[in-house]
Amino acid sequence: MFDLSVGPVQYYWPRQTLTDFYAIVADSPARTVCLGEVVCSRRHEMKPEDWLDLARDLRQAGKEVVIGTQALLETEAELRSLRRWVEQGDFMLEANDAAAVRMLAGHTPWVLGLHVNIYSAPALAEYLALGATRWVPAVELSLQAVAQVNGGGASVQTEVFAFGRMPLALSARCFTARHHHLQKDACAFRCQEDPDGLTLRTREGQSFLALNGIQTQSGSVHCLLGQKQALVDAGVTRLRLSPTSQDFGDVVRQFDAVMNHGAPAGEAIASLQALRLPGPLSNGFAQPRRAGMDWVTS
């Protein structure tokens with residue numbers, strides 16, 4: 001059995017859209033929900049108290065709630081915001097930056113987020129000694145490499161990014177603002193126009209990357225629905241599903257059916273491919289020495 005975890009919404013969705021989305025999540029088979037703004041501190045549709053109210057509602061609905069911290073901190077104001085999250089003490093935090101690791105070390109249990117890059121067992125052991133109890137590996141690690149780092153799952157709960165556009169890089173610059181010939185500090189929040197990011201295509205028309213403010217994502221949608229045995233072999237017990245703007249409830253149900261109830265993966269993948277996803281499916285990073293945008297059938 002795999003615990004399904006809904007990752008933080010990476011996009012700048014309007015408040016009502018977020019409310020409607022989490023109403024669907026509350027009724028889904030997902031066990032854990034990670035909330036919070038992890039990409040850009042200029043996004044203010046939801047204040048910290050709004051996130052906490054939502055967290056309490058989801059907890060009442062039976063979900064484990066984790067608060068994700070911002071992945072790239074640049075200002076003192078962002079550090080003050082992080083300190084407030086650390087001090088709230090009601091919900092477990094996911095550290096996505098070295099500053100968050102430093103503040104959480106030695107305190108309550110916390111999650112080691114995918115933006116804290118870890119590529120060896122000794123490095124993971126150092127973070128576990130600081131109090132991390134769960135690890136979300138970087139998306140570019142193959143499942144074989146995950147098994148080498150986590151000792152086959154013996155040392156730590158491992159939650160693998162199993163669905164969604166992959167968060168590949170962060171920058172101090174906002175590429176969405178630049179695309180619209182705007183300065184970052186006067187961006188007019190144009191990223192809200194792209195609920196799944198702004199797709200970049202090659203000259204041949206292939207979906208390649210997606211711009212999401214200061215974040216660069218994959219153009220394809222990472223999907224490990226056909227990798228059940230490889231996930232088991234890698235000691236993975238939790239699967240992270242990253243929100244998309246359309247049909248996400250169907251995505252969660254398909255993963256639950258295959259991973260926890262023995263449904264055939266092939267039919268589920270065909271069902272996913274018929275949904276309104278923002279790009280083609282890929283799973284290349286799960287295999288050693290493959291491009292992330294590849295789709296490998298076994």
Side-chain angles (χ1 to χ4, degrees), residues 2-3 5 7-8 10 34 38-39 66 68-74 82 92-106 109-172 209 212 214-224 227-242 282-294 296:
F2 291 90
D3 285 336
S5 174
Q10 302 185 80
C34 187
V38 299
V39 176
V66 177
T69 67
Q70 192 178 325
L72 178 62
L73 299 176
E74 300 179 85
L82 173 61
M92 186 159 62
L93 295 188
E94 177 173 297
N96 283 309
D97 179 90
V101 170
R102 183 180 181 192
M103 291 185 194
L104 289 166
W110 48 280
V111 179
L112 198 49
L114 59 77
H115 293 288
V116 181
N117 294 328
I118 296 170
Y119 300 111
S120 71
L124 179 60
E126 287 196 22
Y127 284 102
L128 299 183
L130 296 175
T133 57
R134 188 180 301 167
W135 174 46
V136 187
V139 293
E140 70 270 24
L141 275 183
S142 69
L143 294 177
Q144 185 180 85
V146 168
Q148 291 171 350
V149 175
N150 73 357
S155 59
V156 64
Q157 291 182 43
T158 302
E159 177 174 316
V160 159
F161 189 97
F163 177 84
R165 276 187 153 168
M166 294 177 283
L168 299 176
L170 293 157
S171 170
L209 296 171
N212 176 38
I214 67 170
Q215 183 188 61
T216 302
Q217 300 180 323
S218 62
S220 61
V221 176
H222 190 60
C223 176
L224 300 186
Q227 312 294 318
K228 183 175 180 179
Q229 189 56 51
L231 289 162
V232 171
D233 294 342
V236 175
T237 56
R238 307 175 59 88
L239 303 178
R240 172 161 298 198
L241 312 179
S242 187
S282 64
N283 59 11
F285 276 151
Q287 336 289 327
R289 297 178 294 281
R290 294 297 297 257
M293 65 194 302
D294 288 349
V296 181

Test side chain to side chain contact (heavy atoms under 4.5 Å, CB included) on Gln287 and Ser142 and set out the steps.
CA-CA 5 Å; Gln287 336 289 327; Ser142 69; 5.9 Å; no
Dump the intermediate steps for side chain to side chain contact (heavy atoms under 4.5 Å, CB included) on Arg240 and Val136, then the final yes or no.
CA-CA 8 Å; Arg240 172 161 298 198; Val136 187; 3.9 Å; yes
Start with the C-alpha gap between Leu93 and Leu104, add the side-chain angles, then the distance that decides, and say whether side chain to side chain contact (heavy atoms under 4.5 Å, CB included) holds.
CA-CA 8 Å; Leu93 295 188; Leu104 289 166; 3.9 Å; yes
Stepwise side chain to side chain contact (heavy atoms under 4.5 Å, CB included) check, Ser242 with Phe161:
CA-CA 8 Å; Ser242 187; Phe161 189 97; 3.6 Å; yes
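Distance CG/Leu224 to CZ/Phe2: 10.0 Å, rounded to 0.5 Å. Interatomic distance, Asn212 CG to Gln10 CD, rounded to the nearest 0.5 Å: 6.5 Å. One finds the CZ atom of Arg290 at 8.5 Å from the CG atom of Asn283 (value rounded to the nearest 0.5 Å). With rounding to the nearest 0.5 angstrom, the CD atom of Glu159 is 8.0 Å from the CG atom of Leu239. Annotation: the span from Arg238 atom CZ to Asp3 atom CG amounts to 5.0 Å, rounded to 0.5 Å. Going from atom CG of Leu168 over to atom CG of Leu209 covers 6.5 Å, rounded to the nearest 0.5 Å.
Residues Gln217 and Arg165 bring no donor and acceptor atom of their side chains to less than 3.5 Å of each other. Counted by atom type alone, Gln157 and Thr237 present zero donor-acceptor pairs between their side chains at under 3.5 Å.
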Distance-only donor-acceptor hits, side chain of residues 144-152, under 3.5 Å, sequence neighbours excluded:
residue, atom, partner, partner atom, Å
Asn150, OD1, Gly152, N, 2.8
Asn150, OD1, Gly153, N, 3.1
Asn150, ND2, Thr158, OG1, 3.0
Asn150, ND2, Ala234, O, 3.1

Determine all donor-acceptor pairs shorter than 3.5 Å in which one atom belongs to a side chain in residues 116-131; sequence neighbours excluded.
residue, atom, partner, partner atom, Å
Tyr119, OH, Glu140, OE2, 2.6
Ser120, OG, Ala123, N, 3.2

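Under the 3.5 Å distance criterion, the side-chain polar atoms of Asp97 are matched with a main-chain donor or acceptor of Ala99. In terms of modelled atom types and a separation under 3.5 Å, the side chain of Asn96 and the main chain of Thr69 share a donor-acceptor contact.
Residue Leu114 comes nearest to Pro137 through the heavy atom pair CB-O, 3.5 Å, listed as atom of the first residue, atom of the second, then distance. Nearest heavy-atom pair, Gly292 versus Ser220, reported as atom, atom and distance to 0.1 Å: O-OG, 4.5 Å. The minimum heavy-atom distance linking Ala286 with His222 is given by the pair N-CE1, 4.5 Å. Across Pro109 and Met92, no two heavy atoms sit closer than the pair O-CG, 3.3 Å. Contact detail for Met166 and Ser282: the closest heavy-atom pair is CE-OG, 4.2 Å.
At least one side-chain heavy atom of Pro167 sits less than 4.5 Å from a side-chain heavy atom of Val139. Leu82 has its side chain out of reach of Gln70: every pair of non-hydrogen atoms, C-beta onward, lies at least 4.5 Å apart.
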